[in-house]
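Notes to accompany the following structure.
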Number of protein chains: 2
Amino acid sequence: MSLPHAILTALLEKPSSGLELTRRFDKSIGYFWSATHQQIYRELGKLEAEGLIRALPAEQPARGQKKAYEVLPAGRAELARWTGAPQDPKPHRDALLLRLRAAAVVGAAGLEADLRRHLELHERQLTEYREIERRDFPPGKDGTEDRLRHLVLRAGIDLETFWIQWLGHALSEFARLPDPGEAERTGEPRA
Amino acid sequence: MSLPHAILTALLEKPSSGLELTRRFDKSIGYFWSATHQQIYRELGKLEAEGLIRALPAEQPARGQKKAYEVLPAGRAELARWTGAPQDPKPHRDALLLRLRAAAVVGAAGLEADLRRHLELHERQLTEYREIERRDFPPGKDGTEDRLRHLVLRAGIDLETFWIQWLGHALSEFARLPDPGEAERTGEPRA
DNA sequence: CCGCTTTATGCAACTAGTTGCATAAGCGTG
DNA sequence: CACGCTTATGCAACTAGTTGCATAAAGCGG
């Protein structure tokens, strides 16, 4: 329900071709609404058919040519409508927490290494976010748009910080678990 | 890829029927891996066909009768394998952050009220988590399973706490935005 | 100017999750 | 005992997202 609106937002920020959108999803919007190029191309087609966007007239519109889109008034109106309409939060799904809960019944063999890997991934992401913050939101840049966008970035930064803390806590708990070397048994690891 | 493993975990914790599983997903496992009863029934069928679980022999197995399942050794082994195998984190999608970003281009009309509603929902969830913590993890209950399960609950509590803080911050930013009363204009809310 | 890589767009098939509805038994109550 | 309500299981159709592959032009190096 949200992908078309993510695309409308991106196109309003800057008219783009499918591939350009894909790249921007990879490095900015995708941080909280990811999409593959397939999804994007399909959705661009639908949005055009619905009259919410249109292809910018290109020099030679041929295969292998960039085809850039811009948002039409109807598209902007639809995005404004969607943004202001109440929406229930979708239920989350987190495989890592699920695995931890499973580990409580079948044993934690192998999990610790992956926890460490995830910790590293989150640290890398946090570094990237801080980089963006330093670059795009220097002190003084605080217009209305800036404030809102900064707020979104802050959520990303704080979420990564949360996960790094939690994973650190989890790993320290693992260190206190009874002999993690015995990986063979499948029974419950009860004391 | 994770629903079958969520079900295996739930069944290992306690053999159950489809409806019992649905209820338990609603109040505990579903906090980090939600599922509807349809998904659960379908998956139970698949898991049985694959020989990972089996139906417990009931008195009169008829329509409208409870049909309870238990995990077979193959199911336990599969769950242990999955738990220990490395897995990349799935890209997240958060509609609320997306809406905030959209608000930066089409205006924030209507968003504030929904932010407030979300804040309330998160506060309610946090209260529920704290209740569970008080009930299920009193000081002293710290066996291996308890520690792991408590860790998962802590993640839930801290995540809710994070969102409550962030939403509070967001709302205070909204309060400082230029006249939020002018809801009509669809142009950019630039200063 | 031939083959190789990169850029750009897209189809088809698949997996996962959601929504709406159907069926049937058990249980209470006027 | 007929009616409606709750419990319990399930099918079918749909929407969203993923994966694998196909196509074609542009740029570049030998």
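Because the structure is predicted, anything quoted here is derived from the model rather than measured. So you know, we letter chains A, B, ... as the sequences are listed, proteins then strands, and number each from 1.
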Is it the case that the side chain of [X] and the backbone of [Y] share a donor-acceptor pair, with hydrogens and angles ignored and the cut-off at 3.5 Å?
X      : Y      : answer
B:W33  : B:H5   : no
A:S16  : A:K14  : yes
B:H118 : B:W163 : no

side-chain N/O B:S17 vs D:dA8 OP1/OP2, d < 4.0 Å: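 Negative; the distance criterion is not met.
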A:Y41 side-chain N/O to C:dG10 phosphate OP1/OP2 under 4.0 Å: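 Checking C:dG10 against A:Y41, no side-chain N or O comes under 4.0 Å of OP1 or OP2.
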Interface residues of residues 18-27 of chain A with DNA chain C (non-hydrogen, below 4.0 angstrom):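 Listed by number, they are A:G18, A:L19, A:R23.
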Distance-only side-chain donor-acceptor flag, B:S28 / A:R101, under 3.5 Å: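 Result is yes, a qualifying pair exists.
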B:H150 and A:E173 side chains, donor-acceptor separation under 3.5 Å: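 The answer is no; no qualifying pair exists.
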Trace of the side chain to side chain donor-acceptor pair (under 3.5 Å) decision for B:S2 with A:R93: CA-CA 9 Å; B:S2 303; A:R93 296 195 166 99; over 6 Å; no
Round to the nearest Å and state the distance from [X] atom [atom1] to [N] atom [atom2].
X     : N      : atom1 : atom2 : result
A:E43 : D:dG17 : CD    : P     : 9 Å
B:Q39 : C:dT15 : CD    : C1'   : 12 Å
B:H37 : D:dG10 : NE2   : P     : 10 Å
A:M1  : D:dT15 : CE    : C1'   : 10 Å
B:L47 : D:dG10 : CG    : C1'   : 16 Å

Options D:dT18, C:dG17, C:dT9, nucleotide nearest the side-chain atoms of B:L3: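 Nearest to the side-chain atoms of B:L3, counting from C-beta on, is C:dG17.
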Residue A:K67, side-chain atoms from C-beta onward, closest of C:dG10, D:dG10, D:dG17: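 Of C:dG10, D:dG10, D:dG17, C:dG10 is nearest to the side chain of A:K67.
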Closest-nucleotide ordering on DNA chain D, the 5'-leading residue of A:K46 and B:K90: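 Mapping each residue to its closest nucleotide by heavy atoms, the 5'-most match is A:K46.
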Check: A:Q38 side chain, D:dG20 base, donor-acceptor under 3.5 Å: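 Side chain to base: pair found, below 3.5 Å.
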Donor-acceptor pair (no angle test) under 3.5 Å: B:R42 side chain, C:dT19 base: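 When only heavy-atom distances are counted, B:R42 does not reach the base of C:dT19 through any donor-acceptor pair under 3.5 Å.
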Ionic contact status for A:R54 with A:E70, cut-off 4.0 Å: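 A salt bridge links A:E70 with A:R54.
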